[in-house]
Amino acid sequence: MAIDYITLKNEFVNDPRGYGYTIYWENGQDWKLAELINEVRNNIKIDRELVNAYEVFECIVPEEWAALTTQEKERIRLILAMGQVNLKGANTRAAFQAAFGTGTTTRANLINLLKRNGSRAEELFGAGTSITWEDVAKARRM
């Protein structure tokens with residue numbers, strides 16, 4: 001997603017989350033504003049598109065794995081063999097939902113894997129977005 005410089009300027013001027021932008025905005029410390037908006041925060045969650053297979057493997061509770069049918073185990077093995085897993089893919093979701101029912105720890109672990117901590121820049125402009133001091137300077141001129 002492209003950076004909307006008017007939105008970026010409004011973020012710094014209004015400081016809706018109380019990150020302390022005002023002093024840096026007033027003092028022209030664009031590098032510090034970029035640092036603050038790019039800071040990864042625990043209260044901002046960003047969707048993950050792909051996860052590494054080893055992360056999925058670590059979510060699986062051994063006792064719940066042992067309870068799976070041979071067919072379910074084979075489907076999960078095929079998914080893990082991909083290297084990277086799209087947990088939001090329809091086939092992948094169906095396989096995990098069939099294998100690990102509601103209320104299982106494995107399912108809860110997999111759901112937690114769908115999100116990661118992110119920055120305010122990513123929350124405003126999309127996953128992977130990073131604001132530079134040049135972006136801040138451009139927003140300042142809007």
Contact check, side chains of L113 and R48, non-hydrogen atoms, under 4.5 Å: yes

R17 bridged to E123 by N-O distance under 4.0 Å: yes

Check against side-chain contact (heavy atoms from CB on, under 4.5 Å), V136 and I131: CA-CA 7 Å; V136 178; I131 301 297; 3.8 Å; yes

Main-chain N/O of T7 paired to D4 side chain as donor or acceptor, under 3.5 Å: yes

Derivation and outcome, side-chain contact (heavy atoms from CB on, under 4.5 Å), residues L36 and E39: CA-CA 5 Å; L36 284 172; E39 183 179 324; 4.2 Å; yes

From M142 atom CE to Y5 atom OH, the distance as rounded to the nearest 0.5 Å: 8.5 Å

Plane angle bin for Y21 and Y19 - parallel if under 30°, tilted between 30 and 60°, otherwise perpendicular: perpendicular

Heavy-atom side-chain proximity of T70 to K73 below 4.5 angstrom: no

Neighbour count above 12 (heavy atom, 6.0 Å) for K9 NZ: yes

From L33 atom CG to I23 atom CD1, the distance as rounded to the nearest 0.5 Å: 11.0 Å

4.5 Å side-chain heavy-atom contact, N117 and N43: no

Residue pair I46 / K115, side-chain heavy-atom distance below 4.5 Å: no

Worked check of side-chain contact (heavy atoms from CB on, under 4.5 Å) between V61 and N109: CA-CA 9 Å; V61 175; N109 292 344; 4.3 Å; yes

Flag for E122-T129: side-chain donor and acceptor within less than 3.5 Å: no

Under 3.5 Å donor-acceptor, E64 side chain and T106 backbone: yes

Lys/Arg N to Asp/Glu carboxylate O, R120 vs E11, below 4.0 Å: yes

Closest non-hydrogen atom pair between A34 and W133, with its separation: CB-N, 3.9 Å

Side-chain donor or acceptor of E58 paired with backbone N/O of E55 under 3.5 Å: no

CA sep, side-chain torsions, deciding dist, call: T132, D30, side-chain contact (heavy atoms from CB on, under 4.5 Å): CA-CA 8 Å; T132 66; D30 296 349; over 6 Å; no

4.5 Å side-chain heavy-atom contact, V56 and F96: yes

Atom CG of N27 with >12 non-hydrogen neighbours under 6.0 angstrom: yes

Any donor-acceptor pair under 3.5 Å from R107 side chain to F100 backbone: yes

Heavy-atom donor-acceptor pair, R75 side chain to A99 backbone, under 3.5 Å: no

Flag side-chain contact, heavy atom, 4.5 Å: L80 against Y54: no

Validation row: I3, L124 side chains within 4.5 angstrom (heavy atoms): no

Ion pair D47/R116, N-O distance below 4.0 Å: no

Q71 and E74, any side-chain heavy atoms less than 4.5 Å apart: no

